[in-house]
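Input: a single structure, listed below in structure tokens.
Ligands are counted one by one from 1 in listed order, and the atoms in each one are counted from 1 as well. Numbers here are sequence positions counted from 1.
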Amino acid sequence: MVIAHTIQEFQKARLALQGSVGFVPTMGALHQGHLSLLQRARAENDCVVVSIFVNPTQFLEGEDLEKYPRKEDADIEICRLAGVDILFMPTIEQMYYKDELIILAPKIRGYILEGAKRPGHFDGMLQIVMKLLNLTSPTRAYFGKKDAQQLSLVTQMVHDYFMNIEIVPCEIVRDKDGLALSSRNVYLSSQERLRALSISRSLQKASQMVMAKEFRVDVITEAMRIILRDVDSIEYVKVVDRFFYPIEEVKPQASIILVAAFVGKTRLIDNLWI
Ligand code: PAF
């Protein structure tokens, strides 16, 4: 495995790759969820490229940029064992210029839900993903469904900018108790973790209701909010279509139920594609 820290090192290593390339962009602190993306990329491509970069432009003022978990040695080992060909770990100076050209998230879809709670987050996310995709020029890029709006906006960017890359949505990986895996779960105390389980339980409840043919969004979200009493504050419980427009009736195979909530100081998101 080549570990590249500069653009030049990365480009040299990338030039040497032959055949299809699967790309997994990450911010490190790799867990089983990331590993499932790496394994899928490994299975579906001749070569695998992974990036680890804690991207400052997608963090808002007061968010956890400084304390975002960093586990460099463990991450390198995970990538090596997963058969990654190139691991790209650039510095901020390598990735950003002064007064550079900016990509902006779409005005509606980029500023609802996560975009409303974290205005500007998706601008920064799209900016870095555009750079990483252009540098890597992969055949396929792998994104988890847990960050559903991110996945949707990256898919839109690739479409709108005529980028010839397949964006592959990957299933959410959960702990045995149902908690969706996230690098931020390490912030939770054991007490908070127990309370955080109400998020996945509320989604299970929604799923049961839909299976029982209850499609009214207000009825479903009301039942979810009762289960979500265990969290400290709910940011949103929403049902959208696959393009992220809010809907009033769940349409099976075409809807996503989304939750964002705080448990203690930790902000958690989860969702169910239905
Ligand atoms: O999902 C993430 O880890 C990040 O948003 C990404 C896609 C690596 C861009 O920084």
Side-chain angles (χ1 to χ4, degrees), residues 4 7 10 22-38 40-41 48-60 63-72 74-75 78-79 82 84 86-96 100 102-105 109-110 113-115 117-136 138 140-158 161 163 165-173 180-187 244 258 260 266-271:
I7 304 287
F10 181 74
F23 175 49
V24 183
T26 80
M27 298 207 297
L30 303 181
H31 50 65
Q32 206 60 38
H34 296 110
L35 191 59
S36 73
L37 305 187
L38 300 192
R40 183 145 177 210
V48 176
V49 174
V50 173
S51 64
I52 295 181
F53 180 64
V54 181
N55 174 37
T57 64
Q58 69 188 73
F59 287 79
L60 271 62
E63 288 190 343
D64 57 344
L65 173 61
E66 302 308 328
K67 70 164 193 168
Y68 194 83
R70 287 163 170 87
K71 298 184 178 165
E72 205 172 297
D75 288 349
I78 289 171
C79 288
V84 170
I86 308 176
L87 173 57
F88 184 38
M89 302 175 81
T91 58
I92 294 175
E93 293 69 34
Q94 289 287 316
M95 292 311 288
Y96 284 105
E100 68 172 34
I102 306 260
I103 306 274
L104 294 177
R109 301 176 66 237
L113 298 160
E114 284 301 286
K117 295 292 170 191
R118 306 177 70 195
H121 163 70
F122 286 128
D123 300 342
M125 181 281 291
L126 291 170
Q127 181 88 357
I128 198 68
V129 171
M130 172 67 104
K131 283 171 184 261
L132 292 168
L133 291 178
N134 283 342
L135 272 169
T136 308
R140 303 181 184 86
Y142 295 79
F143 288 83
K145 284 182 172 177
K146 177 163 169 295
D147 292 302
Q149 201 173 355
Q150 163 172 287
L151 166 63
S152 166
L153 291 173
V154 169
T155 307
Q156 182 182 353
M157 178 173 77
V158 164
Y161 284 82
M163 298 161 79
I165 298 167
E166 183 189 344
I167 301 299
V168 184
C170 299
E171 292 309 321
I172 296 175
V173 179
L181 296 190
S182 158
S183 303
R184 290 188 167 103
N185 289 353
V186 295
Y187 300 152
F244 267 82
L258 304 145
T266 309
R267 184 173 188 278
L268 298 170
I269 58 171
D270 199 352
N271 62 66

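Classified by interplanar angle (parallel below 30°, tilted 30° to 60°, perpendicular above 60°), the ring pair F53/Y96 is tilted.
Heavy atoms of T26 found under 4.0 angstrom from ligand 1 belong exclusively to the backbone.
Taking both residues in full, the closest heavy atoms of L65 and R70 are given as O-NH1, 3.2 Å, listed atom of the first, atom of the second, then distance. The heavy-atom pair separating Y142 from C170 by the smallest distance is CD2-SG, 3.8 Å. Heavy atoms only, all atoms of each residue included: S183 and A29 are closest at OG-O, 3.3 Å.
Atom numbering of ligand 1 starts at 1 in the shown order; those under 4.0 Å from a heavy atom of Q58 are 4 (C), 5 (O), 9 (C), 10 (O). Which parts of ligand 1 touch I128 is read off a 4.0 Å heavy-atom cut-off, strictly below it: atoms 9 (C), 10 (O). Atoms of ligand 1 lying under 4.0 Å from any heavy atom of Q150, numbered from 1 in the order shown and given with element: 1 (O), 2 (C), 4 (C), 5 (O), 7 (C).
Between E171 and R40 there is no salt bridge, since none of the side-chain N atoms of the basic residue sits less than 4.0 Å from a carboxylate O of the acidic one.
Closest to atom 3 (O) of ligand 1, if we only count protein heavy atoms, is M27 CG, 3.6 Å.
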